[in-house]
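The next block holds one structure in the form of structure tokens; read it before the comments.
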Amino acid sequence: MKYVPQKKRRLGPACTGISTFLDLPYAKDAKILEEIDFAIAGVPFDTLVTFRPGCRFGPDAIRNAYGAQLYSDAFDLTLFDHIQGIDYGDIPVQCGFPEPSAENITNTVKEMAGAGIIPVLVGGDHSIAFPELLGYKEAIGKVAILHFDSHSDTGYHEMAPDAPRDHGTPFKDAIENDCILTDHSVQIGMRGLTGAVAKDYSFARGSGMTVITAEALHKMDIYTAAEKIRGILGDAPVFVSFDIDFLDPVYAPGTGTPEGGGFSTWEALELLRCCLIGKNFIGFDLVEVNPQYDSGDKTAIAGKRLIYEFLTLLACRKAGITSYEDFGI
Ligand SMILES: [Mn+2]
């Protein structure tokens, strides 16, 4: 196994050497894509935020954060016995220039997904999900989404209904560009408190997507929700988009638009496991980590942990594990 975390980090904490995601080899050679299962790429872009900027620094905060869960307790699995991947570095983006940046995001996702590997993008603001979905559409066709967030991101701007896209609109943009299998898609955790939210929900639900609000999720519990979500996803190819503000600000204060009444890191990890084990996931992103508002690196550590959990699910697929016994799946 060549493209796995490098040995130096296994000798001690991650505070020596030049940081890459998970201490994976840094590579950009397209030929390598044929040899690996996934590639992680940073997207340090935050021009399209609506409140607190700074998540352009998210990718490096996660690269540098403590944490290396190379073994999964939940599945009794050593991840990199089964999967290989690289740190692809950052996708060429430039804050202040949304459209050429978006084009590079689309092309990178298209190249990776077209090569049959799993793109794992680390934002950056959530506007990147739209160019990602364009890339998936070009490479493999329309996909379902499983979208964790405190906002629906199908934005409707009361002040400017025809406003151009921002980090609150990527799924509206994607639906309008026919990128999403809406009947197989789920948004979960919504509790955004702006006046436009009710209209966001009606757009999302009107499109055919299922919206599970935070209020509903707290009351139905995560296992009931996971069963419901698995049924909706079915066998569709699923792009998993995780906005760190799904977590309560207690767990993830370092983000642009934090909303109280959210979820714990463990609930998020368990939901990922229960919703996705054995499912046909084809890509992942983790967005909106903003280290300038973080405290004790807790948001970056939570984000890194969620990326590990997604990779664990990929390792399970490669190892032939399709059930999660703790959940009875
Ligand atoms: Mn979002």
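Note that ligands are numbered from 1 as they come in the structure, with each ligand's atoms numbered from 1 the same way.
- In this structure, Lys28 is positioned above the aromatic face of Tyr88, its NZ or CZ under 6.0 Å from the six-membered ring centre and within 45° of the axis.
- Within the coordination shell of the Mn ion (ligand 1), defined by N, O or S atoms under 2.8 Å, Asp245 is absent.
- His151 has its side chain out of reach of His126: every pair of non-hydrogen atoms, C-beta onward, lies at least 4.5 Å apart.
- A perpendicular orientation is assigned to the rings of Phe246 and Phe148, their planes being inclined by more than 60° (bins at 30° and 60°).
- Checked against the Mn ion (ligand 1), the N, O or S atom of Asp243 at the shortest distance is OD2.
- Between Glu99 and Arg165 there is a salt bridge, since at least one side-chain N of the basic residue sits less than 4.0 Å from a carboxylate O of the acidic one.
- Put simply, His126 gets within reach of the Mn ion (ligand 1), with an N, O or S atom under 2.8 Å from it.
- To the nearest 10 degrees, the angle centred on the Mn ion (ligand 1) between OD2 in Asp153 and OD2 in Asp149 reads 90°.
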